[in-house]
Student: 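After the structure tokens below, expect a handful of questions from me.
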Amino acid sequence: MTAADKPKGWMTRDIAASVVVFLVAMPLCMGIAIASGVPPEKGLVTGIIGGLVVGLFAGSPLQVSGPAAGLAVIVFELVRDHGLSALGPILVLAGLLQLTAGIFKLGGWFRAISPAVVHGMLAGIGALIVVGQFHTLFDAKPLSSGLANLAAVPSRVMGLDPSNIAGTEIALGIGLLTIALMIGWEKLRPTSMKLVPGALIGVVGATLVAWFASLNVVRVSVPESIAAAVAVPDGGFLAPLLTNPALLLSAVAIAFIASAETLLSAAAVDRMHDGVRTDYNKELRAQGIGNLLCGAAGALPMTGVIVRSSANVQAGATTRLSTILHGAWILGFVALLPWLLREIPMAALGGVLVVTGARLISLKHVTHLFAHYGVLPALIWAATFVLVVTTDLLTGVLAGLALSLIELAPHVRRLNLKVDTNHSAERSHVRLDGAATFLSVPKLNKALDALPEGKPLTLELHGVPAIDHSCAELLREWLGRQRKRGYEVELLGSSAHLYRLAA
């Protein structure tokens, strides 16, 4: 976007939006770090890098990057099994893989991942965060696995003694107060204060109660200086990767999941505004640089994150300046006011994460899949969800991807989707021929993005024998964006296909 293209007052709007994003990001950066089994300052370092560095190079101008709940579970397992020192080299390799993928323009292929797999993975992660952070509400540490955390819930609840209000009961009260303030604020806040995040209200309210009442609860521990949170690598930094294949596999898994989550989030952000579209390969390169630096600093992995990004768009941001500045505000706050962070109760951050995790479990998505695309996509979602919760993240994702291949079987002879585009002075015409499956998403997305804006369009689907939910969702979202802008789009094809695109 050139200076001439920027709307009047863009800088003021970006500065104001950066403050909103900063207020959303602070509790989430610390809370996700705690859910990942690492000190909270590690999440703050990732938030700073995500703003100052990734914001500078981003291919999605309004997307915000930072520590993500979607990677908390895999990081927790890595730190539990291999120690915090193994996280740095794993992230360096993951960042290099992302950077390489962006250089070789593989960004579009991450969008080909079935939405059923992605949303099933996120729902499973949400469930694991809820059952893990449930124990943080009691000032206790999460156990080693999701099933262990779930099995320990009854004993934790039965251990409460209402007649003897002590540390555990007080911590639970602080956590429940945080949850109540978050949800209550988001439902009842006045329109004039709609940009004030519920997570901030919950944490500030719980912290003030704990401080004024001098409550004996576990509080956040952060160092006096943010520099102390940066673990500078030594000469043998990458040696563990060379001797442990499991760490290499973990690096590949983080690169894959972080890239998929980032690019799907970027696509969602594009639907929220009418400005510059995402350059997926550029965004992937920026994320690679960010994760490489996070690894070198011993911090958490990062992705593009939808909660902070949507807050950025809703606050009126117009350029990447807002994203960059939010990283500067985090750095300034942590450098100047670390004592204030040490007053926050751990149970309050646990409460924020219980709400965050619960919101990742979107049953609306699986019901939408079942209603409009049949049993198989819903089964893929369910299988991914169950295996993420009961085994591990990588097993769940791989199983979901394997099940996705079943969708291809009936159309194996027509998998090569042809996209024919013709332009006249008055109208564009796009004709699809072949099965429209998730394998076709990169080609189809590229063709749609190359169409001239504003010209009336006819999209012909008569030559498409089948369209799976991945392609249907892509087309439906693209059509919705065109019509929102007032562009004319005519659809030709079978009633079944048109119903899916209108779903």
Student: Taking atom CG of L263 and atom OG1 of T303, what is their separation to the nearest 0.5 Å?
Tutor: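 Taking CG in L263 and OG1 in T303, the distance rounds to 10.0 Å.
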Student: Any sub-3.5 Å donor-acceptor pair from D433's side-chain atoms to K418's backbone N or O?
Tutor: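 Checking the backbone N and O of K418 against the side chain of D433, no donor-acceptor pair under 3.5 Å is found.
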Student: Between CD1 of I90 and SG of C294, what distance do you get to the nearest 0.5 Å?
Tutor: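 Going from CD1 on I90 over to SG on C294, the span is 14.0 Å.
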Student: Okay, side chain of S440, backbone of A436: is any donor-acceptor separation there less than 3.5 Å?
Tutor: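 Such a contact is absent between S440 side chain and A436 backbone.
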Student: Side chains of T437 and E407: donor-acceptor distance under 3.5 Å anywhere?
Tutor: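 Distance-only check fails for T437 and E407.
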Student: Is a side-chain donor-acceptor pair under 3.5 Å present for H326 with S18?
Tutor: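 Judged by distance alone, the side chains do not pair up.
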Student: Any chance you could measure N312, atom CG, to Q63, atom CD, to the nearest 0.5 Å?
Tutor: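 Spacing of CG (N312) from CD (Q63) equals 10.0 Å.
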Student: Could you check whether any side-chain N or O of T384 sits under 3.5 Å from a backbone N or O of I380, counting only pairs where one atom can act as donor and the other as acceptor?
Tutor: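 Answer holds: yes.
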Student: Would you mind telling me which of R427, K455, R483 makes a salt bridge (charged side-chain N to carboxylate O under 4.0 Å, His left out) with E488?
Tutor: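 Of all the options given, the one that passes is R427.
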Student: Only one of I49, L325, L44 passes side-chain contact (heavy atoms from CB on, under 4.5 Å) with I330; say which it is.
Tutor: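 It is L44; the other options fail the test.
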Student: Does atom OH of Y487 have more than 12 heavy-atom neighbours from other groups under 6.0 Å away?
Tutor: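 Above 12, so yes.
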Student: Walk me through it: do V54 and T323 pass the test side-chain contact (heavy atoms from CB on, under 4.5 Å)?
Tutor: CA-CA 9 Å; V54 177; T323 298; over 6 Å; no
Student: Does N291 reach the main-chain N or O of A255 with its side chain, forming a donor-acceptor pair under 3.5 Å?
Tutor: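 Side chain of N291 to backbone of A255: no pair is present.
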Student: Could you walk me through whether E283 and T262 pass the side-chain hydrogen bond (donor to acceptor under 3.5 Å, both in side chains) test, one step at a time?
Tutor: CA-CA 8 Å; E283 180 66 22; T262 291; 5.7 Å; no
Student: Check for a donor-acceptor pair, side chain of N281 on one end and backbone N or O of I103 on the other, with a separation under 3.5 Å.
Tutor: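 Not at all, since once roles are kept as given, no pair shorter than 3.5 Å links the two residues.
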Student: Other residues, nucleotides and ligands only: do more than 12 of their heavy atoms fall within 6.0 Å of CZ on R413?
Tutor: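 Not more than 12 within 6.0 Å, no.
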Student: Going from CG on L28 to CG on L23, what distance comes out if it is rounded to the nearest 0.5 angstrom?
Tutor: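 Interatomic distance, L28 CG to L23 CG, rounded to 0.5 Å: 11.5 Å.
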Student: I'd like to know if the side chain of S322 reaches the main chain of T318, judged simply by a donor and an acceptor atom lying under 3.5 Å from each other, with no hydrogens or angles considered.
Tutor: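 Not at all, since once roles are kept as given, no pair shorter than 3.5 Å links the two residues.
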Student: Using the ring of each side chain (for Trp, its six-membered ring), is Y373 parallel, tilted or perpendicular to H368, with breaks at 30° and 60°?
Tutor: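 Answer is perpendicular, since the angle exceeds 60°.
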Student: Could you tell me whether a side-chain N or O of K443 sits under 3.5 Å from a main-chain N or O of V419, the two making a donor and an acceptor?
Tutor: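 Side chain of K443 to backbone of V419: no pair is present.
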Student: Using the side-chain contact (heavy atoms from CB on, under 4.5 Å) definition, which of the options L461, T458, L451 pairs with V430?
Tutor: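 When side-chain contact (heavy atoms from CB on, under 4.5 Å) is applied between V430 and each of L461, T458, L451, only L451 qualifies.
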Student: Measuring from atom CG of L97 to atom CG of L91, what distance do you get when rounded to the nearest 0.5 angstrom?
Tutor: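 Reported to 0.5 Å precision, the distance equals 11.5 Å.
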Student: CG of L62 to CZ of R308: how many Å apart, nearest 0.5 Å?
Tutor: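 The CG atom of L62 sits 16.0 Å away from the CZ atom of R308.
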